[in-house]
Each structure stands twice: as C-alpha cells, then as structure tokens.
Amino acid sequence: MMKAYQDNRDADLETLELKLDEIIMRSAPSIERGVGSIKLIASVAPLLGLLGTVVGMIATFQAITLFGTGDPKLMANGISEALVTTMLGLVVAIPTLFAHSIVNSKSRRLIQVLEEQSAGFIARHQEQDLNTGARNTRATVTTDSAATAQPA
C-alpha cells in the first residue's frame, strides 16, 4: 500500500484513490484465504457425526432383527458406534466454529486497517494539494499586488 502511495503521490486525488482501492481489493482474497474452508469443516463435521449415528442405529436394528432383543451386548456395539460418531462430530465442529469466528474477525479487521490507511493516505494527499494550492494562490496574489503597487 505504501509503495502504491509513493508511486502515485504526484497523481490526482481520484487516481490515487483508485490505485489504493485496487491494492485493497487484490489483497482481500489472500487475507481471507482459508476462512471458507474452516467454515466448511465446522459445518460438515456435525453432519458426519449424524451420519455415523444413523449407521450405528442401522447396525443396532440389524442386530435386533437377526438375534432379537435377548442379548443387550449385540445391540451395544451399534449404539456405541452411534454415540462415538456423534461425539466426534461435535468435538471437531465446536473448536472449528470458534476458530472460524476468530480467523474471520481478524481478516475483516485487517482489511479494515488497510481501508483506514488508504483513507489516511488520501486525506494526506488532499491536504498537500490544498496547501500547495494555497501557496500558489498566495504567490499569485503577492505577485499581482506587487505588480499593481509599482508605478508605471
């Protein structure tokens, strides 16, 4: 960003603003890279846990169908599978959801800092333009008044 400001310091205000906005727009994807993947993992993990729950319950019902309800040990395996996969899905999803929240807020904050720096550069440039314009106006007024003050 600083290089873009230095390279376009002598450009008009609109050009400088466009160049700085372009830098921010090009930087945003690399800053936000990976945030979507974290969100995807946080979203899919509970679904995979639910899938494991369904598979475990299917195994339990198949054991009941084949052997009846007389031996609880046969049903315990499927129920255990259902509970473990649910737990693992939540164990993955919950911390990943927190990680997504943290990474997403940091990336947004970083982009906001870039936008604030850009606004600061633009304000500085505009202030320099005003100061240069005021000096040129004073020089013109001084030259004009000096010319009118001299007798012809």
Side-chain angles (χ1 to χ4, degrees), residues 1-65 72-146:
M1 174 146 331
M2 187 68 140
K3 183 177 181 336
Y5 176 70
Q6 294 294 333
D7 292 347
N8 295 288
R9 182 181 289 193
D10 297 328
D12 63 303
L13 184 65
E14 186 175 333
T15 303
L16 177 63
E17 192 172 351
L18 289 172
K19 291 289 184 180
L20 293 174
D21 284 345
E22 180 184 347
I23 296 291
I24 293 170
M25 285 175 44
R26 274 192 279 151
S27 300
S30 63
I31 292 170
E32 294 174 334
R33 184 181 42 231
V35 175
S37 298
I38 296 171
K39 184 176 182 179
L40 180 66
I41 291 169
S43 299
V44 169
L47 296 174
L48 290 174
L50 180 62
L51 178 63
T53 302
V54 170
V55 170
M57 293 311 295
I58 289 172
T60 301
F61 287 122
Q62 284 177 343
I64 291 172
T65 302
K73 289 181 184 178
L74 294 173
M75 293 183 289
N77 190 30
I79 293 171
S80 175
E81 182 181 338
L83 293 173
V84 168
T85 56
T86 302
M87 179 208 48
L88 290 175
L90 293 174
V91 163
V92 171
I94 293 169
T96 309
L97 191 59
F98 282 119
H100 172 264
S101 178
I102 291 167
V103 171
N104 190 39
S105 67
K106 285 190 180 208
S107 68
R108 285 183 187 203
R109 221 174 301 132
L110 185 56
I111 292 171
Q112 183 180 3
V113 166
L114 289 174
E115 289 172 348
E116 289 171 359
Q117 286 178 345
S118 174
F121 286 142
I122 292 167
R124 180 183 302 158
H125 188 273
Q126 192 171 22
E127 184 178 298
Q128 287 172 350
D129 283 353
L130 290 174
N131 289 341
T132 303
R135 271 190 248 123
N136 289 343
T137 304
R138 274 187 256 133
T140 305
V141 169
T142 305
T143 306
D144 288 346
S145 62

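From a predicted model like this one, the values you see are computed outputs, not experimental measurements.
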| At what distance, to the nearest 0.5 angstrom, does CD1 of Ile23 lie from CG of Leu18? | 12.0 Å

| Any idea which heavy atoms bring Ile102 and Ser105 closest together, and the distance? | O-OG, 3.0 Å

| When you look at Ile31 and Leu114, which way does the side-chain contact (heavy atoms from CB on, under 4.5 Å) test go after all the steps? | CA-CA 11 Å; Ile31 292 170; Leu114 289 174; 3.7 Å; yes

| Rounded to the nearest 0.5 Å, what separation is found between the NZ atom of Lys106 and the OG atom of Ser101? | 11.0 Å

| Minimal non-hydrogen separation, Ala28 against Ile111, with atom names | CB-CD1, 3.8 Å

| request: Return the minimal non-hydrogen interatomic distance between Ser43 and Pro46, and the atom names on each side. | output: O-CD, 3.5 Å

| note | dist Leu16:CG -> Asp21:CG (nearest 0.5 Å) comes out at 9.5 Å

| request: Look up atom OG1 in Thr85 and atom CG in Leu50, then write down how far apart they are to the nearest 0.5 Å. | output: 8.5 Å

| query | Closest approach of Leu20 and Ser118, non-hydrogen atoms and distance? | reply | CB-OG, 3.3 Å

| request: Evaluate side-chain contact (heavy atoms from CB on, under 4.5 Å) for Ser107 paired with Asn104, printing each intermediate quantity in order. | output: CA-CA 5 Å; Ser107 68; Asn104 190 39; 4.0 Å; yes

| Among pairs that include at least one residue of residues 100-123, which meet ring pair (Phe, Tyr, Trp, His ring centres under 6.0 Å), considering only residues two or more places apart or in two chains? | Tyr5-Phe121

| note | For Glu22, the salt bridge (charged side-chain N to carboxylate O under 4.0 Å, His left out) test, sequence neighbours excluded, returns Arg26

| message | Checking the side chain of Thr60 only, and the main-chain atoms of Gly56 only, is there a donor and an acceptor separated by less than 3.5 Å? | response | yes

| Just how far is it from atom CG of Leu90 to atom CG of Leu97, taken to the nearest 0.5 Å? | 11.0 Å

| Stepwise side-chain contact (heavy atoms from CB on, under 4.5 Å) test for Gln117 and Val113 | CA-CA 6 Å; Gln117 286 178 345; Val113 166; 4.1 Å; yes

| query | Between atom CD of Glu116 and atom CD1 of Ile24, what is the distance when rounded to the nearest 0.5 Å? | reply | 10.0 Å

| request: For Thr96 and Ile41, work out which heavy atoms get closest and say how close. | output: CG2-CG2, 3.8 Å

